[in-house]
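Worksheet: the structure to be examined is printed underneath.
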Amino acid sequence: MKVTAILLAAAVSSASAHGVWRQVIGQADSYAVRMPTGSQSDSPITDVSSSAMACNNNIGPVAGQKVSVAAGGNISIKFWHGAPGNGDVIDSSHKGPVMAYLAKVSDSASSPAPSNGWFKIYESGYSGGNWAVDRLIAANGVLSLTIPSCIAPGDYLLRGELIALHGAGSYPGAQLYMECVQITVTGGGNTTPQTVSFPGAYSGTDPGIKFNLYTSSISYTIPGPRPFSCSGGGGQQPTTTQAPPRTTTTTLPNTTTQPPRTTTTTTRPPTTGGAPLYGQCGGQGWTGATTCAQGTCKFSNQWYSQCLP
């Protein structure tokens, strides 16, 4: 009965709790946002091989509208079910990761959505017993992003993405929500990030796309590359976020008649300090910074730890 209730709740939610990235904070509703149209305008993409994976279905450029943001500066975008202030952000059952990508274009107000050239600048998955969607709901739907300071100036499409995993136990089942914002980046440098394609960056068999949300112990691998960092981070390896540090118990011999002594060793993330936010800060063989300038160094596995908010 419990499983039936969970599945029923997921089915009801999937039919009613959709949403869109629809606003840049500080701008009018949907200004410079390539909004999907039609009766299914707030519906997700479930086929990761679809051409709609770049910026969603039935969308086109918004002529004459661009949002200017400085390299190294911040921009905030808002996800909402319906118009902002009308209803909720998204149903709380739609748990999953939140991500953001950029792709350079010749003119963000006229160029079609490219299939290639995308690089990730933000990701948040499962940590501290909460999902990125939980944190997005707590922030009233607002996601704040930092534009990398070293990328070239010019026009970009900013792709916000939310993946709801309540039906992702089989494929297709994960619900992917994405929209693109037309921006112009000022200042910056000349670094060329490593990029991926949409479609192409995700597979239906990826553990971040096909995932059983209803497990007692959660270890989740965020799909796609790691976020690009001006200090050298980013690449093709996905990031795994998981439950708190592992604890191992070792029994040591004792020459006295007392019972054996037991010591407990806890594997914890490295200390905080100098690596950039979302940069690598630890792992077997890692010779770089082991502290974080921003955020906290979070343990993923023996090979990788990452600075996360």
Can you confirm whether more than 12 heavy atoms, excluding those of Asn190, are under 6.0 Å from its CG atom? no
Compute whether any side-chain donor of one residue and acceptor of the other, for Thr184 and Ser68, lie under 3.5 angstrom apart. no
Looking only at heavy atoms, which two atoms of Ala103 and Pro114 are closest? And how far apart? CB-CG, 3.9 Å
Looking only at atom types and distance, does a side-chain atom of Arg135 sit under 3.5 Å from a main-chain N or O of Gly125, one as donor and one as acceptor? yes
Is the closest side-chain donor-acceptor distance between Ser110 and Asp107 under 3.5 Å? yes
Could you tell me whether the side chains of Asn56 and Glu179 share a donor-acceptor contact shorter than 3.5 Å? yes
Would you say that more than 12 heavy atoms from the other residues, nucleotides or ligands in this model lie under 6.0 Å from the NZ of Lys210, or not? no
Donor on one side chain, acceptor on other, Thr146 and Asn74, under 3.5 Å: yes
Centroid separation under 6.0 Å, is that true for the rings of Tyr101 and Tyr122? no
Has Asp206 got a side-chain atom pairing as donor or acceptor with Gly208's backbone, closer than 3.5 angstrom? no
Have Ser106 and Ser111 got a donor and an acceptor in their side chains that come within less than 3.5 Å? yes
Charged N-O contact under 4.0 Å between Asp155 and Lys104: no
Lys/Arg cation over aromatic Phe79: Arg22, 6.0 Å, 45° cone: no
